[in-house]
Amino acid sequence: MRLGLALGYWGRGPSPAHLELAREAERLGYDSVWTAEAWGSDAFTALTWIAAHTSRIRLGTAVAQMAARTPTATAMHALTLDHLSGGRLLLGLGLSGPQVVEGWYGRPFPRSPLTATREYVDVIRQVLRREGPVTLDGRFHSHPYAGPDGTGLGKPLKPITHPLRAGLPVLLGAEGPKNVAQTLKIADGWLPLYWSPERYAEVYGVDVFPEGFLVAPMVRAQVCDDVAEGLLPVKAMLGFYIGGMGHAARNFHADLMGRMGYEAEARRVQELFAAGRREEAVLAVPDAFADEIALVGPRGRIAERLAAWRSGPVTDLLVTAPDVATLRVLAELNEPG
C-alpha cells in the first residue's frame with residue numbers, strides 16, 4: 001500500500017504549510033500528493049506550484065470537478081501539467097452534487113449522472129490518445145456541439161499538443177453502488193470518500209477489483225494522546241459535508257453515511273446544520289463513525305488500525321495530516337516488514 005498526502009482545497013487563503021508538507025512527504029517516500037476544489041481555490045494551479053518545487057512525487061487531483069470545465073478543457077489542464085511535471089499527473093474527477101453544480105457553476109445537474117460521467121471520461125480519453133479528432137454523439141458532451149442553439153459550424157478537432165502519456169490515469173470519485181460499478185469499468189482508479197477497512201464490501205457492494213486498478217481512499221490521520229480530541233477535525237469535516245454540502249432531499253454524503261448504519265444521525269446533523277447550529281451539528285456526528293474512517297490516537301493505536309487498511313484492497317492511502325510528525329509516523333509504520 002502506497003501513501004499519498006491529501007492537501008484538499010484552500011480555506012480563507014493558501015496555507016503556508018502545504019508546500020512544506022508536500023516536500024516533506026516526498027522526502028519520506030510518499031508516492032503522491034493531492035489537491036482538491038470546491039468553490040474557492042482550484043485543483044490544478046496549486047498542484048502546478050507543488051510540481052515546480054518537487055521532483056519525484058506524483059501529483060493528483062482529488063477531485064477536479066467536472067462541472068467546472070468542459071471535458072476538453074480538463075484534458076488540456078491534464079496534458080499540460082503532465083508535460084510540465086515529467087509524467088507525474090493522476091487525474092481524479094468528481095461530479096459533485098446539485099447544490100454545487102447549479103449553485104456555484106450555474107449549470108444544470110445532469111439528470112443521468114452515470115451517462116454524463118461516462119461521456120466526460122470518453123472525451124478525455126480521446127484527447128489523450130490523440131488518434132483522431134474528438135467526436136461523440138452524446139447526451140451531455142457532444143463533439144462537435146449539435147444543440148439547437150449552435151451555429152452548425154463546429155468541426156471535429158484533435159489536440160495541437162501531443163500528450164505525454166496516452167494512458168494518463170483517470171480516477172473517479174464515486175459513492176453510490178451504480179456509480180462505483182461504472183467506475184470499475186471506465187476508470188483506472190477509484191477515490192472513495194469514506195472508507196471502512198472492515199465494511200467496505202458491505203457499504204459499496206464491491207470486493208473484487210480489476211488488475212492494476214487503483215483504490216485510493218482518503219483518511220484523516222493524527223498522532224495524539226486524546227482520541228476524542230483528535231476526532232474533532234474528522235467530525236468537523238463530516239458535519240460540513242453531511243450538513244452543508246448538499247440539499248436535505250439530495251445529499252450523496254448523507255446517503256452514504258446512512259448506508260454505513262448512521263441514517264438517523266445523518267439526518268440529525270443535516271437538521272442542526274440547516275438551523276445554523278453548526279457546532280451542535282459537528283458534535284452530533286458519532287465518534288464511532290468518525291473513528292471508523294480515520295487513523296487517530298497514539299502511535300500504537302494507529303499501527304493497529306493501519307494494519308486493517310493494509311490488509312484490504314487499498315492501493316493508495318491518501319492521508320490528510322496536520323503535521324510533519326504524523327506523516328513521519330505513518331511512513332515508518334507502512335514500511336514493508
Side-chain angles (χ1 to χ4, degrees), residues 6-15 17-18 35-41 62-63 65 67-68 94-107 109 113 173-176 191-196 199 203 217-222 224-297 305 318-323 326:
L7 295 174
Y9 42 75
W10 297 350
R12 194 168 190 171
S15 170
H18 278 185
T35 57
E37 59 190 12
W39 48 89
S41 60
V63 294
Q65 296 191 342
L95 194 59
S96 193
Q99 184 190 50
V100 176
V101 173
E102 298 184 0
W104 178 247
Y105 293 113
R107 304 180 63 181
F109 187 78
E175 296 177 38
L191 296 160
L193 183 60
Y194 310 142
W195 183 268
S196 169
R199 299 196 294 136
V203 172
M218 289 191 185
V219 63
R220 167 78 183 195
Q222 184 173 359
C224 59
D225 294 327
D226 189 328
V227 174
E229 183 178 341
L231 288 175
L232 283 176
V234 185
K235 295 174 66 167
M237 176 273 293
L238 289 168
F240 175 66
Y241 271 71
I242 293 161
M245 195 175 281
H247 191 271
R250 194 169 189 185
N251 184 314
F252 304 131
H253 310 312
D255 293 344
L256 176 56
M257 182 176 172
R259 292 203 309 275
M260 296 182 77
Y262 299 95
E263 184 172 359
E265 293 87 344
R267 302 312 166 198
R268 181 58 178 161
V269 170
Q270 286 185 299
E271 291 170 2
L272 290 168
F273 204 97
R277 298 156 63 183
R278 297 192 177 191
E279 290 187 11
E280 292 180 65
V282 169
L283 294 177
V285 176
D287 281 8
F289 177 48
D291 193 32
E292 184 176 0
I293 63 172
L295 287 167
V296 171
R305 290 286 296 146
L318 311 187
V319 178
T320 300
D323 57 79
T326 295

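- Taking CD of Glu271 as the start and CZ of Arg267 as the end, the distance is 9.5 Å to the nearest 0.5 Å.
- Pairing each heavy atom of Ala254 with each of Ala266, the nearest pair is O-CB, 3.9 Å.
- Under the salt bridge (charged side-chain N to carboxylate O under 4.0 Å, His left out) criterion, Glu175 pairs with no residue at all, not counting sequence neighbours.
- Between Pro217 and Trp195, the shortest heavy-atom contact is CB-CB, 3.5 Å.
- Residues satisfying the salt bridge (charged side-chain N to carboxylate O under 4.0 Å, His left out) criterion with Arg278, sequence neighbours excluded, are absent altogether.
- By the salt bridge (charged side-chain N to carboxylate O under 4.0 Å, His left out) test, Asp287 pairs with Lys235, sequence neighbours left out.
- Residues Cys224 and Val296 form a side-chain contact, since some pair of their non-hydrogen atoms from C-beta on lies under 4.5 Å apart.
- Residues passing the side chain to side chain donor-acceptor pair (under 3.5 Å) test with Glu37 are Arg69, sequence neighbours excluded.
- In this structure, Pro322 and Arg220 have side chains that are in contact, with non-hydrogen atoms separated by less than 4.5 Å.
- Going from atom OG of Ser41 over to atom CZ of Arg12 covers 15.0 Å, rounded to the nearest 0.5 Å.
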Worked check of side-chain contact (heavy atoms from CB on, under 4.5 Å) between Leu193 and Met218: CA-CA 6 Å; Leu193 183 60; Met218 289 191 185; 5.7 Å; no

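- Shortest non-hydrogen contact noted between Val234 and Ala294 is CG2-CB, 4.0 Å.
- A donor-acceptor pair under 3.5 Å is absent between the side-chain atoms of Arg107 and the main chain of Val101, judged by distance alone.
- Summarising the geometry, atom CD belonging to Gln222 is positioned 9.5 Å from atom CG belonging to Leu232; distances are rounded to the nearest 0.5 Å.
- Using a 4.5 Å cut-off on side-chain heavy atoms (C-beta onward), Leu283 and Leu272 make no contact.
- With contacts defined as side-chain heavy-atom distances shorter than 4.5 Å, the pair Trp39/Tyr105 does not qualify.
- In this structure, the side chain to side chain contact (heavy atoms under 4.5 Å, CB included) partners of Val219, at least two apart in sequence or on a different chain, are Leu295, Trp309, Leu317, Val319.
- Between Val285 and Gly239, the closest heavy-atom pair is CG2-N, 4.0 Å.
- Residues satisfying the side chain to side chain contact (heavy atoms under 4.5 Å, CB included) test with Ser196, not counting sequence neighbours, are Glu198, Arg199, Met260, Glu292.
- Listed by chain and number, the residues in a side chain to side chain donor-acceptor pair (under 3.5 Å) with Asp226 amount to none (sequence neighbours excluded).
- Of all the heavy atoms in His18 and Leu7, the pair that sits closest is CE1-O, 3.5 Å.
- With contacts defined as side-chain heavy-atom distances shorter than 4.5 Å, the pair Val282/Phe240 does not qualify.
- When the side chain to side chain contact (heavy atoms under 4.5 Å, CB included) test is applied to Pro14, the partners found at least two apart in sequence or on another chain are Trp10.
- For Arg277, the side chain to side chain donor-acceptor pair (under 3.5 Å) partners are Glu280, not counting sequence neighbours.
- Taking the side chain to side chain donor-acceptor pair (under 3.5 Å) definition, one finds that Arg259 meets it with nothing, sequence neighbours left out.
- Take Glu102 and apply the salt bridge (charged side-chain N to carboxylate O under 4.0 Å, His left out) test, not counting sequence neighbours, and it matches no residue.
- Looking at Leu238 and Ile293, their side chains come closer than 4.5 Å, going by heavy atoms from C-beta outward.
- Taken to the nearest 0.5 Å, the CZ atom of Phe109 stands 7.5 Å off from the OG atom of Ser96.
- With sequence neighbours left out, Phe289 forms a ring pair (Phe, Tyr, Trp, His ring centres under 6.0 Å) with Tyr194, Tyr262.
- Using a 4.0 Å cut-off between charged side-chain N and carboxylate O, Glu265 and Arg268 make no salt bridge.
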